[in-house]
Protein chains: 2
Amino acid sequence: MAKNPEALFLTAVGDRHRMRILNLLIEKPMSVKTLSKSLKIEQSNLSHHLKCLFDCKFVDVNVKGRNRMYSINPSIKKIIAPFNSYIRDYGAYLKTCKESS
Amino acid sequence: MAKNPEALFLTAVGDRHRMRILNLLIEKPMSVKTLSKSLKIEQSNLSHHLKCLFDCKFVDVNVKGRNRMYSINPSIKKIIAPFNSYIRDYGAYLKTCKESS
DNA sequence: TCAATATATGAATATCAAATCATATGTATT
DNA sequence: AATACATATGATTTGATATTCATATATTGA
């Protein structure tokens, strides 16, 4: 069944790693190498995540020597802020959908 | 690997059906029956999604006769608004993480 | 108490996304 | 041109999540 934009959005951003990537990039542009070190995500795996973020236009790239600098697309900042604020206030209450069955 | 609050949040809300549920409930409380009809989600499946939303405190329930009225937890409204606004403006650009390989 | 209605639950299955691995591509440096 | 470095890609494996199905529970009304 084809996904609606809401679902596309949520799967795109809805990942432990991708959210952390965005939260780092919101501060400043970074190369894959730097991201990989900071977040301890293996390079190839990280590249896959970046591709996903890029395809959805959450991040931009530009080439700088042999590095590729990823930067955040400003449009998405509006969402990250309320998201982080929610996590700060209510994060402790969250559960997986499975548990407490 | 244990999930961080960010990931918990995103998996909880990050689902085609659950987002639509929240977007309906934001207008007014509804019974499972009503939700099921409006969203054309089969009852048992819907109940599973509601449980997930409830466990994460995104919705509340109260019993009204033999119905159970689900209502949205106000704390989450702050996120739904910017989310919907993003979708409205940029939804068309979203892609699945797989395609265009 | 019995039947009807509304909802929840657990287990089994099906579907989808993430991680990994091996390798390819592109750029810079010598 | 050859090597090294940085990153991307495709295929495969692995793991997680959604759906379905059969059934249980709870409430109401006859």
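First the proteins, then the strands, lettered A, B, ... as listed; each starts at 1.
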Name the residue closer to the 5' end of DNA chain C, choosing between G65(A) and T11(A) according to the nucleotide with the nearest heavy atom.
->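 Result of the comparison: T11(A).
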
From [atom1] of [X] over to [atom2] of [N], roughly how many Å is that when rounded to an integer?
X: D55(A); N: dA17(C); atom1: CG; atom2: C1'; answer: 15 Å
X: K33(B); N: dA8(C); atom1: NZ; atom2: C1'; answer: 15 Å
X: N45(B); N: dA12(C); atom1: CG; atom2: P; answer: 18 Å
X: M69(A); N: dT27(C); atom1: CE; atom2: C1'; answer: 16 Å
X: L8(A); N: dC16(C); atom1: CG; atom2: P; answer: 13 Å
X: L50(A); N: dA19(C); atom1: CG; atom2: C1'; answer: 15 Å
X: L46(A); N: dT20(C); atom1: CG; atom2: C1'; answer: 14 Å
X: K51(A); N: dT20(C); atom1: NZ; atom2: P; answer: 20 Å

Could you tell me whether a side-chain N or O of S36(B) sits under 3.5 Å from a main-chain N or O of E42(B), the two making a donor and an acceptor?
-> no

Any donor-acceptor pair under 3.5 Å linking the side chain of R20(B) with the backbone of L39(B)?
->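 Yes; judged by distance alone, with no hydrogens or angles, the pair exists.
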
Quick one: is [X] getting a side-chain N or O under 4.0 Å of the [N] phosphate, OP1 or OP2?
X: R18(A); N: dA18(C); answer: yes
X: R16(A); N: dA19(C); answer: yes
X: R68(B); N: dA6(C); answer: no

Let's test your reading of the model: under 3.5 Å, does the base of [N] pair with the side chain of [X] as donor and acceptor?
X: H48(B); N: dT20(D); result: yes
X: Q43(A); N: dA8(D); result: yes
X: S44(B); N: dC21(D); result: yes

With a 4.0 Å cut-off on heavy atoms, is Y70(A) in touch with a base, just the backbone sugar-phosphate, or nothing at all?
->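 Counting heavy atoms under 4.0 Å across all strands, the contact made by Y70(A) is with sugar-phosphate only.
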
Answer with base, sugar-phosphate or nothing: what part of the nucleic acid does N67(B) contact at a heavy-atom distance below 4.0 Å?
->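 Sugar-phosphate contact only - N67(B) comes under 4.0 Å of backbone atoms but never of a base.
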
Taking the six-membered ring for Trp, is the centroid-to-centroid distance between F9(B) and F83(A) below 6.0 Å?
-> yes

Near-ring test Y93(B)/F58(A), centroid separation under 6.0 angstrom = no

Will you find, in the side chains of S31(B) and T34(B), an N or O donor that is under 3.5 Å from an N or O acceptor?
-> yes

Side chain of R66(A) (C-beta onward), nearest among dT28(D), dT7(C), dT29(C) = dT29(C)

